[in-house]
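As structure tokens, the structure follows; a few thoughts come after it.
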Amino acid sequence: MPGELYIFNSLTRKKEKFEPYNPPFVGMYVCGPTVYSDIHLGNVRTFLSFDVVFRYLIYLGYKVRYVRNITDVGHLESDADEGEDKISKKAKLMNLEPMEVVQKYTNEFHNVLHKFNILPPNIEPSATGHIIEQIEWVKKLISEGLAYEVNGSVYFEVNKYNKKNHYGVLSGRVVEELMESGRELDRQEEKKEAIDFALWKKASEGHLMRWNSPWGIGFPGWHLECSVMSTKYLGDTFDIHGGGMDLKFPHHECEIAQSVSVTGKTPAKYWIHTNMLTVNGQKMSKSLGNSFLPEELFCGSHPLLDQPYSPMTVRFFMLQSHYSSTLDFSNEAMKAACKGYKKLINGLRIIREMQYENPDAENPENEQLVIQIQKIIDACHNAMNDNFNTALTIGHLFTLLKRINALHNGLLSFSEVGTETFDKLKETYIDFIVNVLGLKEEKPEDISQFLLPLIELYKDAKFNRQYEKVDKIRASLKASGIVLKDMKTGVDWAYEE
RNA sequence: GGUGCUGUGGCCGAGCGGCUAGGCGGAGGUCUGCAAAACCUUAUACAGCGGUUCGAAUCCGCUCAGCACCUCCA
């Protein structure tokens, strides 16, 4: 039985015992992508990290409602609430309707996550689907006296909020310092203070995404959607809120300020922030030009890559580090991960088929061994319970794998392990790899690479009149849905109809 | 300038006061027609300098190197 789960809470900067508000239910909100372009591998890391959190909570028996949003409006291009909306800009560039851009990249996003075996969330709300709710929130914030309207835009007044609350609880920032040490902030004609942030922006003439509001035609600010949607689907208070490190400030800070202002409560109990994927020690990001797309990775087409890497290799690679550490991408590390992954997954194939067999009186149950295996099984749980330490878990799984392989090739007899321990070993290994870590077998799709040499064998056997062999090959292919066809022109194959 | 983080053997990467992490790679061995796989054994570490402690990779101080956030970013 797994013990207690501890989570590092960014809000308190401490590891805390996980006690959901309303067990067995758990509410988890994770900030999703802005769908204005393809997601890169760094983005994938974040969603992968939360996928494991989601999976492990389910594994522990919680009923999880996982909400991950799609940002399809309001995310501005340049600094300090100025500049164009990212989606809007892309739409102009591609000569598409903004919602076409949104759909295109949302589809792509789903596609990519699916390849990495990342489970879909239970609810995936979009910002544009919640304009009405967002307008309601802006109204509330104005009536609370914490927001003000200027020229058809509405801003959150951070200073005022900070009098009664602490703007900066999460990121450890102090408002006074923020105001002093800010960068050139001369462009903020509208705002009272540079640190104020937009709740609603007036749409200029050419702006493509526009909605009617009490303040005129406009669109919602970026931070608002998460406050609105998280509380709508998970309640004023919920258990886990997650996102990448780089969202901590200002995005999550603003979110807290908004939610506290409207509901009077800090929205989430546990905040989880995942760390960045780096390349040569630098954060992977589009602007630095060191990012690559999952698709480029799968076919090895990017200059930084010297070979293709499969989705599960990448998944394994990422799980070998802790979500809270930076992870550096390199070809060497990926190649090592590729081998490691295959080793682990070969073990999965073996143990799935393996049955306890042949009790053997000469080798009675080895008490030491049994204790050792039990200990490692417990260690797997303990590792995951300790703030989702997937790297350690994998380490333990490799130790279990040694026993599995030894059983497989007869270096260890089943009776030494005993039925009970064997069952537990099998269950743990499969459960952790498949359900918790979300790793799966990658069966080669291109069957032709097996087919051709097999067909050669078939021809040889036929030529030598080894019909037993011929029939065997035929049967085995048939089992895979392939039929061989003897024709005058040679041997061909077809999918069985 | 402010806030925070990191520095582990050839590479990646856990560990956060005493006990072999692990993977890849290296060396030796077992098995095998050969090979591969697998199994067993093994070497190579905690950026530097001080301090606390019976004991430090792990705590404290300083130094050096690097990163992230403070602007859009997962």
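Computed over heavy atoms, backbone and side chain alike; hydrogens, waters and symmetry mates excluded. In what follows, every chain begins at residue 1, and chains take the letters A, B, ... in the order their sequences are listed.
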Watson-Crick or G-U wobble mate for B:rU3, both contacts under 3.5 Å: B:rA68

Nucleotide nearest A:Pro250 (side chain, heavy atoms from C-beta), chosen from B:rA74, B:rC72, B:rG23: B:rC72

Reference residue A:His381; test ring-ring contact (aromatic ring centres under 6.0 Å, His included); the match among A:Phe388, A:Tyr56, A:Phe432: A:Phe432

B:rA37 pairs with, by Watson-Crick or G-U criteria that keep both distances under 3.5 Å: none

Carboxylate-amine/guanidinium contact A:Glu441 A:Arg352, below 4.0 Å: yes

Are there any protein N/O atoms within less than 3.5 Å of an N/O atom in nucleotides 38-45 of chain B, and if so, which ones and at what distance?
from: B:rA38; atom 1: O3'; to: A:Asn405; atom 2: ND2; distance (Å): 3.1
from: B:rA38; atom 1: O2'; to: A:Asn409; atom 2: ND2; distance (Å): 2.5
from: B:rC39; atom 1: OP1; to: A:Asn405; atom 2: ND2; distance (Å): 3.2

A:Arg315 with A:Asp51: basic N within carboxylate O range, under 4.0 Å: yes

Ion pair A:Glu157/A:Lys192, N-O distance below 4.0 Å: yes

For B:rG26, the Watson-Crick or wobble counterpart (both distances under 3.5 Å): B:rU42

Complementary nucleotide for B:rC59 - Watson-Crick or wobble, under 3.5 Å: B:rG51

Sugar-phosphate, base or nothing in reach of A:Gly243, heavy atoms under 4.0 Å: sugar-phosphate

Sugar-phosphate only, base, or nothing, as touched by A:Met334 at under 4.0 Å among non-hydrogen atoms: nothing

Cation-pi geometry met for A:Arg173 and A:Tyr167 (6.0 Å, 45°): no

Nearest to side-chain heavy atoms of A:Thr34, which nucleotide of B:rA21, B:rG23, B:rA74: B:rA74

Touch class at under 4.0 angstrom, heavy-atom based, for A:Glu332 against every strand present: sugar-phosphate

Nucleotide nearest A:Ala333 when distance is taken to its side chain, options B:rC72, B:rC12, B:rA14: B:rC12

Parallel, tilted or perpendicular, as decided by the 30° and 60° cut-offs, for the rings of A:Phe316 and A:Phe398: perpendicular

Below 4.0 Å: OP1/OP2 of B:rA14 and any side-chain N or O of A:Ser325: yes

Salt-bridge contact A:Glu295-A:Lys115 (side-chain N to carboxylate O under 4.0 Å): yes

Sugar-phosphate, base or nothing in reach of A:His322, heavy atoms under 4.0 Å: sugar-phosphate

Nucleotide opposite B:rA21 in a Watson-Crick or G-U pair, distances under 3.5 Å: none

A:Lys335 side-chain N/O to B:rC11 phosphate OP1/OP2 under 4.0 Å: no

Contact under 4.0 Å: A:Lys283 side-chain N or O vs B:rC69 OP1/OP2: yes

A:Lys469 and A:Asp460 ion-paired at < 4.0 Å: no

So which protein N/O to nucleotides 26-31 of chain B N/O distances come out below 3.5 Å?
none

